[in-house]
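Written below as structure tokens is the structure these notes are about.
Reminder, nothing fancy here: chain letters follow the sequence lines and each chain counts from 1.
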Amino acid sequence: MTDTPLDARFDPGQADARWQRAWDEAGTFVADSDSPKPKSYVLEMFPYPSGRIHIGHVRNYTMGDVLARYKRMQGFEVLHPMGWDAFGMPAENAAMEKGVHPGGWTRANIEAMKAQLKRIGFALDWSREIATCEPEYYGHEQALFLDLYDAGLVYRRQSEVNWDPVDMTVLANEQVIDGRGWRSGAQVERRKLDQWFLKITQFAEELLDGLGKLDDWPDKVRLMQENWIGKSQGLEFRFALSNGDQLPVYTTRPDTIFGASFVAVAPDHPIAQAAAMNNCDAAKFIELCKRGGTTAAELETAEKLGFDTGIGAKHPFTGEYLPVFIANFVLMDYGTGAIMAVPGHDQRDYEFASKYGLPIPRVVARSIDLADAPFAGEAEPGDGVCVNSGFLDGMRVDAAAAEVIARAEAGGWGEGKTVWRLRDWGVSRQRYWGTPIPFIHCAKCGVVPVPRDQLPVILPDDVDFKTPGNPLLRHPTWKHTQCPGCGGKAERETDTLDTFVDSSWYFLRFASQPADRPFDPEEVAKWLPVEQYIGGIEHAILHLLYARFWTRALKHIGKLDFAEPFASLFTQGMVTHETYSRREDGREIFYSPEEVDRRSESAALKAGGLPVEIGRVVKMSKSKKNVVDPDDIIERFGADAVRWFMLSDSPPERDLPWSEAGIEGCARFTQRLWRLFGQYDADAQGEDKALSRKMHQAIAAVAEDIEALSFNKAVARIYELTTAAEKAQSSATRSEAIAALMLLAAPMMPHLAEEAWHANGFYGLIADAPWPPHDPALLVEDQVTIAIQHMGKLRDTVTAPRGASQADLEALALASEKVRRSIEGAAVRKIIVVPDRLVNIVT
RNA sequence: GCGGGUGUGGCGGAAUGGUAGACGCCGGGGACUUAAAAUCCCCUGACCUUUGGUCGUGCGGGUUCGAGUCCCGCCACCCGCACCA
């Protein structure tokens, strides 16, 4: 027996803080890059410091934490850092609404959130903490930006923004609601500004090919990125116009060229601009198209509108003249900004042609004899054979496309071309709270980079947010400087960088943080690539693609020798909660879980008892008030119960519905484990073969499940072994199983595990203990249950020794009374035997 | 609109094409208790003519000895769409 019997109840209020302090003082989770151990870099997407840790963060970081702690137990030197994606719009919004400084607001938020993370007991190396809003971080980012500029990967061009004509400011897409500014309510316009771009398109092919090697990324994310990059092989060709000009168009479907019934150009296409010059109706139409937001979703769901320019375009094969329209659904950014429209086989063209009464010829059909089949109210974009298409008739579409390209090239009026959907990355933001773009505008010398020895370009602190627009632009002194070239008066660039730039290299800075450079390549090479990256699916495209691009770009300029930053990616689901609401005065009013008394079938307000409606289970959000506060639940249940809840039940890639009953169950389980840990007896004698087998199976299964990030399954295994150990008689095996349970639970419930480890007199911290070994020979059972089916339906089960012969299993099956009754004398035609699993009798 | 995903008991979910519902929550019954809390034990997909049987994995088809799993067509919900992070 141990000398120190455990207290009857586990007290997280005491234990959590005690062990958090013990880890801190021992520097347990400080990563040593000089360690001889194999290295493992576990990273969760760093948070935006909004002020409070959200339960979704808790889930994300708990998953990474379990993996980090498990890897340590497996003998790895683990890097598990944390930092803050600290630039961005919410700080400026807070400044405008509450009159606080974005910097002060952000730094206070960071302090509060860091304290919250510490209370959950995460195994983080805080010595490497980063906040992107500090010059010690963004100054290096400016240096990297200049490196990319020197390599020709940065340029300026005009690009459209959402312009609020009342607030005289640029709006983010999320600030445009139904085409209007969120504060002013004014009709938003699309306006062109000079902006900075990164040449991500130069790496399009590489980024696409690289996906094929990212075997440990989810297929869905790779597919999304592939579609986003959007490589297409098509035909670029020129229409001869009735006005003597030529109009280049690009199409991915040259096989449908005989189905073109009109030509359409983007509203900002040169032809449209020219039309506007001498036709004020055309000019008005183009103005109309410029209203509303810039998002793809808005552009594509807007009603299809067009303006006939009166120009004709000569079809290269038929010689017929097709009308040229200006159309709001054609994008200047893609291909040549002009299309041949084939209404029969493209839905957008179909809607446009229907609206303007243009012909909708069929040029693809399932078979040649269906050449005159009518359309069922929509376009048919699919596969088939060409019809009504002259020399293409009867060819399959892919062969026809190749044929058209060959003829265009032979005739000299077009050529096969690869076009990418991916566009260059616009990084200019007309905002204060971001990394200043390190350039200077000089009347004589043009746009000049800030000399390296003048970095960092530091944001001024004395700014005001009383008037809309960019505070850097109207700051009295900040932008005025000397030109590094001629020494004359010049102005700083007042745009700041997209915050996606900040998050495109923070994982490098975590691995290595010299003062004089962004990172040390040798130090980075010790840790990178990140072995396991964990974050939300909402980042599947932009953040992950930009980080991949940035890493490749750094490799391209010789700063790194690897191209992919994240070897393995995992995307976790959201934490959700049902909503509670009442209709009051015709409006739906939401109530928070604390305000509601939830019974099994109904719910009512605690104050007053009025019934509330239990709504759908949705993502937690402030507007729906269905949020729970991590501090509150840790206070009530302890960090380990909260961590256990985050891991239980729902598979990590799916949504996790928060429930009060669920967390209560988790808290009960911590006490149940605690009682079991109190029954550890170092002097117990005797062997328990059945329990031993279960223990070895559990150790192997939990390890496998954690490595696969199937935490919910690991949790189920721990429940099973707990139940088995509770029911077993005292024996040496039982004590061994109890000790094993402490170790299996250690990554998930580290405070409880430490407390039990210590109380039972084990040496050191359990965080430093090795993962328990298992005997592979004990993983399989000698007796197996065989299912006996008749015509695929279960009739009986029998037990048989593992590895029993087919003949023996057949005999067992046919001997079954239940099976014989089911067959009822019918002739057995066939018997299918799956060894160690089942026998299926076919009659 | 386009791209991607998800759908299994009252609930979260488990299941290399091979016994559907492991494990947990909720609920029901019981033990202990003066009582409660805590704890422990048992039951818990639906239906029927209940020592047995039928149905059942969003809906409709298909492949197979056998389909939650594979194929085709739908439906609903969720994520992303380039200035939210």
Side-chain angles (χ1 to χ4, degrees), chain A residues 8-9 45 47-48 50 85 87-90 161-162 170-176 195 200 218-221 223-228 230 294-302 304 329 333 347-348 351 421-431 498-500 503 536-543 545-546 571 573-574 576 600-601 616-619 648-651 653-657 659 661-662 664-666 668-669 671-672 675 712-713 715-720 723 726 785-797 818 821 829-832 834 837-843:
Chain A
R9 290 185 67 77
M45 292 178 185
Y48 178 79
S50 57
D85 192 10
F87 275 139
M89 285 203 312
V161 293
N162 300 307
V170 176
L171 299 177
N173 285 334
E174 71 160 12
Q175 297 173 316
V176 180
Q195 309 212 57
I200 190 172
D219 287 340
K220 63 178 170 184
V221 175
L223 192 55
M224 281 191 258
Q225 291 211 353
E226 184 180 325
N227 290 335
W228 185 262
T294 58
T295 71
E298 275 177 301
L299 297 176
E300 284 167 37
T301 50
K304 307 282 173 290
F329 67 93
D333 285 325
Q347 186 59 27
R348 291 165 301 180
E351 286 169 31
R421 209 186 76 95
L422 182 68
R423 308 199 298 261
D424 277 337
W425 177 11
V427 293
S428 277
R429 298 292 179 271
Q430 295 71 34
R431 281 186 252 291
D498 180 5
T499 56
F500 275 127
S503 54
I537 186 66
E538 66 273 20
H539 295 292
I541 296 175
L542 294 181
H543 161 58
L545 191 64
Y546 291 148
T571 56
M574 300 177 298
T576 57
S600 64
E601 298 294 321
R616 288 195 316 122
V617 175
V618 295
K619 179 180 184 172
S648 302
D649 296 354
S650 285
E653 68 277 12
R654 289 226 217 135
D655 290 350
L656 172 67
S659 81
E664 282 166 9
C666 291
R668 270 201 299 279
F669 182 65
Q671 298 299 343
R672 195 177 142 200
R675 282 192 298 278
N712 57 321
K713 290 198 251 173
V715 162
R717 299 294 146 243
I718 290 176
Y719 273 116
E720 277 171 346
T723 303
E726 282 170 342
T785 307
I786 305 291
I788 309 205
Q789 299 179 334
H790 172 216
M791 302 300 285
K793 292 199 175 189
L794 183 72
R795 293 300 165 200
D796 201 359
T797 57
K818 289 175 185 169
R821 221 181 306 142
R829 284 195 293 136
K830 195 169 159 190
I831 300 181
I832 286 149
V834 182
R837 289 223 98 121
L838 67 67
V839 180
N840 186 14
I841 296 161
V842 184
T843 56

Measuring from the side chain of A:D649 (C-beta onward, heavy atoms only), which nucleotide among B:G12, B:G80, B:A85 has the closest atom?
B:G12
Distance in angstrom units between A:R795 CZ and B:G52 P, rounded
12 Å
Decide yes or no, distance alone: a donor-acceptor N/O pair under 3.5 angstrom between the base of B:C65 and the side-chain of A:N840.
yes
Minimum-distance pair of heavy atoms, taken over all atoms of A:Y48 and A:G88:
OH-O, 4.0 Å
A:R821, nearest nucleotide to its side chain (from B:U54, B:G52, B:C81)
B:G52
Note, A:Q430 side chain near A:Q195 side chain (heavy atom, < 4.5 Å):
yes
Taking any heavy-atom pair under 4.0 Å as a contact, classify A:T301: base, sugar-phosphate, or nothing.
base
Go through B:G4, B:A82, B:C55 for me and flag the one nearest to the A:R421 side chain.
B:A82
Has A:R423 got a side-chain N or O lying under 4.0 Å from the OP1 or OP2 atom of B:A82?
no
Contact class for A:R668 (heavy atom, under 4.0 Å): base, sugar-phosphate, or nothing?
sugar-phosphate
CE of A:M791 versus P of B:U19: gap in Å, rounded?
18 Å
Take the protein atom OH of A:Y719 and the nucleotide atom C1' of B:A22, then report the distance between them rounded to whole Å.
14 Å
Under 4.0 Å between any heavy atoms, over every strand shown, what does A:S50 touch: base, sugar-phosphate, or nothing? Just pick one.
nothing
Does A:Y546 form a side-chain contact (heavy atoms from CB on, under 4.5 Å) with A:I200? I'd like the steps, not just the answer.
CA-CA 8 Å; A:Y546 291 148; A:I200 190 172; 4.0 Å; yes
Please determine, for B:G60, whether a Watson-Crick or G-U wobble partner exists with both distances under 3.5 Å, and give it or none.
B:C72
Mind checking if A:P651 touches a base, just sugar-phosphate, or nothing, with heavy atoms under 4.0 Å?
sugar-phosphate
If we ignore hydrogens and angles and just use 3.5 Å, is the side chain of A:N162 paired with the main-chain N or O of A:L171 as donor and acceptor?
yes
B:C26 base / A:E664 side chain donor-acceptor hit below 3.5 Å
no
Sugar-phosphate, base or nothing in reach of A:W425, heavy atoms under 4.0 Å:
nothing
Counting C-beta onward and ignoring hydrogens, is there a side-chain heavy-atom pair between A:I537 and A:M224 closer than 4.5 Å?
yes
Check the distance between B:G66's P and A:L794's CG and give it to me in whole angstrom.
16 Å
For B:C23, give the paired nucleotide (Watson-Crick: N1-N3 plus N6-O4 or O6-N4; G-U: N1-O2 and O6-N3; both under 3.5 Å), or none.
B:G12
Below 4.0 Å: OP1/OP2 of B:G12 and any side-chain N or O of A:N712:
no
Candidates B:A22, B:U19, B:G80 - which lies nearest the side chain of A:E720:
B:A22
Indicate yes or no: at least one non-hydrogen side-chain atom of A:I841 is less than 4.5 angstrom from one of A:Q789.
no
Let's test this: given Watson-Crick or G-U wobble pairing with both distances under 3.5 Å, identify the partner of B:G3.
B:C79
Classify the side chain of A:Q175 versus the base of B:C84 as yes if they form a donor-acceptor pair under 3.5 Å and no if they do not.
no
Test your reading of the model: is there a side-chain donor-acceptor pair from A:R421 to the backbone of A:W228, 3.5 Å cut-off?
yes
Write down the partner of B:A85 under the Watson-Crick or G-U wobble criteria, each distance required to be under 3.5 Å.
none
Hey, does A:G230 reach any base, or is it just sugar-phosphate, or nothing, if we go heavy atoms under 4.0 Å?
nothing
Rounding to an integer number of angstrom, what distance separates B:U57 and B:U51 when you compare their C1' atoms?
30 Å
Among the candidates B:G13, B:C83, B:A85, find the nucleotide nearest to the side-chain atoms of A:A172.
B:C83
May I ask you to say what A:V221 touches in the nucleic acid, namely base, sugar-phosphate or nothing, with a heavy-atom cut-off under 4.0 Å?
nothing
B:A15, OP1 or OP2 - any side-chain N/O from A:R837 closer than 4.0 Å?
no
With sugar-phosphate meaning primed atoms plus P, OP1 and OP2, does A:S650 contact a base, only sugar-phosphate, or nothing at under 4.0 Å between heavy atoms?
sugar-phosphate
Return no unless some side-chain N or O of A:R654 is found under 4.0 Å from OP1 or OP2 of B:A14.
yes
B:U57: syn or anti, per glycosidic angle within 90° of 0:
anti
What's the CD1-C1' distance between A:I718 and B:A22, to the nearest Å?
15 Å
Between B:G18 and B:A31, how far is it from one C1' atom to the other, in whole Å?
42 Å
Short side-chain N/O contact to B:U19 OP1/OP2 from A:K818, under 4.0 Å:
no
Quick one: is A:K713 getting a side-chain N or O under 4.0 Å of the B:A15 phosphate, OP1 or OP2?
yes
Which of the following nucleotides, B:U19, B:C65, B:G24, is nearest to the side chain of A:K830?
B:C65
Whole angstrom is fine here: how far is it from CD in A:Q225 over to P in B:G5?
14 Å
Listed nucleotide nearest any side-chain atom of A:N227, set B:C81, B:C55, B:G3
B:G3
Between B:A82, B:C84, B:C83, which one does the side chain of A:E174 approach most closely?
B:C84
For B:U39, which nucleotide is its Watson-Crick or G-U wobble mate, given both distances must be under 3.5 Å?
B:A31
Of all the choices, B:C81, B:C83, B:G18, which nucleotide is nearest to the side chain of A:L838 once you look at every atom?
B:G18
What contact category does A:R675 fall into here, base, sugar-phosphate, or nothing, at under 4.0 angstrom with non-hydrogen atoms?
sugar-phosphate
Between B:G4 atom P and A:E226 atom CD, what is the distance in whole Å?
10 Å
Checking contacts here: which listed nucleotide (B:C83, B:U19, B:A82) is nearest the side-chain heavy atoms of A:A296?
B:A82
Would one find a side-chain N or O of A:S659 under 4.0 angstrom from OP1 or OP2 of B:C25?
no
Determine the contact category for A:Q789: base if any of its heavy atoms lies under 4.0 Å from a base atom, sugar-phosphate if only primed atoms, P, OP1 or OP2 are that close, otherwise nothing.
base
To the nearest angstrom, how far is A:I537 atom CD1 from B:U6 atom P?
10 Å
